[in-house]
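These notes concern the structure reproduced below.
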Amino acid sequence: MVEQTLSREQLDELARQFRYVVTDAICRSGSGHLGGVMSLVEIVVSLYFQVMRLRPEEPEWPERDRLVLSKGHAGPIVYTALAYKGFFPKAWLATINANGTRLPSHMDQILTPGVEVTAGSLGQGLSCACGMALAAKLDGGKHRVFCIIGDGESNEGQIWEAALFAGHRRLDNLIAICDYNKMQIDGRTEEIVRLEPLADKWRAFGWEVFEMDGHDWDAIRTTLAAADAVAGKPAMILAHTIKGKGNRESEGLVDCHNIKVPDQCRSCGSGLPPR
Amino acid sequence: MTDYSEMEMRIVYARTLNELIERNPNVLCLEADLAKADATIPEVSGRHPGNFINCGVQEANMIGVGAGLAREGKIPFCATFSAFASRRCYDQITISVAYANNNVKIVGNSPGITQGPNGGTHMCFQDLAIMRAMPNMHVYSPADAHELRAVMFHMAEHRQPTYLQLVRLKMPPLFDENCRFDPQRAVRLAEGAAVTLVATGFMTRFARDAARELAADGIGVDLLHYPSVKPFDAQSLIDSARRTGAVVTVENQSIIGGLGSAVCEVLGEHHPVKVKRLGVPDRFGEVGDQEYLFSKHGFGPQHIAQACREMARSVK
């Protein structure tokens, strides 16, 4: 499953740079979805630099692994990964959400090289990922479809339609990851509309369910490998994360979904600019 | 040779889908537990089970799955009743299909009053309006079996998000097997100078009947049939309105937002003349047969003829 092996130090450095870059971009645009971006840093770094088979010079390479970011508001963290992989120049990252940008706040498959699926209206990306996984089954493709959903997004009925569908179709080439930071725009997930017992729900829908610390490199690596090995059913990884992790303006704060980030906080808690 | 005009339109839909699959295995049939109403059970499910995907009663997910399949190069035809194919999953169609420009074909079965016995909950009078207002979306409403086939062949060959209104019933023939479809062109079914009559889909046959009746009375009707409501052939309409000076529109839809509105938008900007819109007034549907519902809402054959007579008189 693992395509590349980076040392823990290399991974830490990538995560540090990613946190700086997205915070910087959100500072430039005045405000942004810092919380749900920062909670995904280790997961996105792991996917793009440890796991997924990609050809940046050939974004539509048929055998590539696909990532659908159903919680499309976390676009900036995927843009950072795509830029670091070479899908487009890193200079683009400074244009996130600027007028005329190719990197809008929410994912756009037409505008951005390497973005597989347009997403932003919550609940839709997982259905699209099901369609892509089904297409691979129909065509005998061996690639995998990863899909990141939000916990707040899991309030949507369409998530559970897709859950039924993928379970019924036994889409074992589909690996979903829920960014389970326990917070949504208006408050804590358990206070807005209860999700628990979340693992049991996915199991009941016919999925193999894993849980992991979404900020621990080893846990992410081993859990993704275990999910990839599942046969006969789709896999759901509940990634326990901390919303806004790595910036003192946002870490663990319930109001960090979409916030203004003051200029002096560009590097708060995330060290220095990329070396 | 198969006589498609002797078949229900849904049978024509399903058998044509089989032909499209046989030409291109990437064509897929997606359903949301109304495959029997669409006749794809047993037509497609029996003949091409590998291309038949029943999503169950989940229209929103069907649209998303369709978008994902289209992203991978498939050509999904996603069918359900027009109410569920349009207003129920408007946002999914907007974002996952139209905004993302994914090559998904959405098929709305039993539009308008043809939903008869299912009544107000299932009667959709807004699908043309809803879909017409969506960027990137083409909106087609063929009037008979041969035109339905021409439209479907066009849909399969062109990478274009599309909404297709599918009348389920048998329709009397207006065209033959040589029917060609061009979304940029209206079809003139009768020539006349007294009044322009504009129709689409289910209503075109009734408009044709009204035009024949009026011709016998010496009233020349210029009858334009629009198999494509979007894109909309503005020039044919403007040319006709210049000759007649009066326009009647008729559609199996609300008079707000659909074909009649498209006509008014074009004429208002390019050649203002008086327009009478026939269709369902600003109200919901109800259970009833065709005659009752035509009479209730005022857009049956006699209403078309009467409106044309009045409009022809008014410009003399």
Side-chain angles (χ1 to χ4, degrees), chain A residues 59-64 66-68 70 72 104 106-112 115-141 143 145-147 149 153 156-169 171 173-174 205, chain B residues 21 24-33 44 48-78 80 84 88-106 134-136 159-161:
Chain A
E60 295 290 312
W61 176 44
E63 293 170 37
R64 73 194 183 280
R66 277 73 161 162
L67 172 67
V68 177
S70 192
H106 298 79
M107 304 281 275
D108 189 316
Q109 70 190 56
I110 297 172
L111 283 179
T112 313
V115 165
E116 298 286 352
V117 163
T118 294
S121 181
L122 294 176
Q124 300 188 22
L126 185 58
S127 295
C128 296
C130 288
M132 295 167 83
L134 180 58
K137 290 279 183 192
L138 293 171
D139 292 340
H143 58 271
V145 180
F146 297 92
C147 180
I149 67 170
E153 182 180 18
E156 289 279 4
Q158 192 175 348
I159 288 291
W160 301 100
E161 290 188 6
L164 271 176
F165 180 87
H168 175 75
R169 296 260 159 195
L171 298 177
N173 51 352
L174 174 63
F205 278 71
Chain B
I21 291 166
N24 180 355
N26 282 322
V27 172
L28 300 175
C29 172
L30 268 66
E31 293 282 354
D33 201 39
V44 181
H48 295 292
N51 295 62
F52 178 81
I53 298 153
N54 200 332
C55 299
V57 191
Q58 34 177 248
E59 295 81 8
N61 186 51
M62 173 172 72
I63 297 300
V65 168
L69 288 163
R71 179 69 180 82
E72 298 290 347
K74 303 295 179 187
I75 307 170
F77 282 66
C78 306
T80 179
F84 313 138
R88 188 180 181 96
C89 41
Y90 188 48
D91 188 56
Q92 283 79 14
I93 297 169
T94 303
I95 301 304
S96 293
V97 178
Y99 180 62
N101 204 20
N102 280 319
N103 185 26
V104 178
K105 318 299 185 185
I106 297 153
M134 196 182 294
N136 280 354
R159 201 198 166 285
Q160 171 67 52

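Chain naming here is simple, since letters A, B, ... match the order of the sequence lines and numbering starts at 1 in each.
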Closest contact, heavy atoms only, A/Cys130 versus B/Val65: CB-CG2, 4.0 Å
Minimum heavy-atom distance B/Ile95-A/Gln124, with the two atoms named: CB-OE1, 3.5 Å
Once rounded to the nearest 0.5 Å, what's the spacing between atom [atom1] of [X] and atom [atom2] of [Y]?
| X | Y | atom1 | atom2 | result |
| --- | --- | --- | --- | --- |
| A/Glu161 | B/Met62 | CD | CE | 10.0 Å |
| A/Thr118 | B/Asn101 | OG1 | CG | 9.5 Å |
| A/His168 | B/Cys55 | NE2 | SG | 9.5 Å |

Most chain B-contacting option - heavy-atom pairs closer than 4.5 Å, from A/Ser121, A/Ala129, A/Gly120: A/Ser121
N/O donor-acceptor pair under 3.5 Å between B/Glu72 side chain and A/Ala135 backbone: no
N/O donor-acceptor pair under 3.5 Å between B/Arg71 side chain and A/Met132 backbone: no
Structural part of A/Leu126 lying under 4.5 Å from a heavy atom of chain B: neither
Interchain contact, A/Glu116 with chain B, by part (heavy-atom threshold 4.5 Å): both
Side-chain heavy atoms of B/Tyr99 within contact of A/Asp108, under 4.5 Å: yes
Residues A/Leu134, B/Lys74; criterion side-chain contact (heavy atoms from CB on, under 4.5 Å); working and verdict: CA-CA 10 Å; A/Leu134 180 58; B/Lys74 303 295 179 187; over 6 Å; no
Among the listed options B/Ile53, B/Asn51, B/Asn61, the residue most often paired with chain A at heavy-atom distances under 4.5 Å: B/Asn61
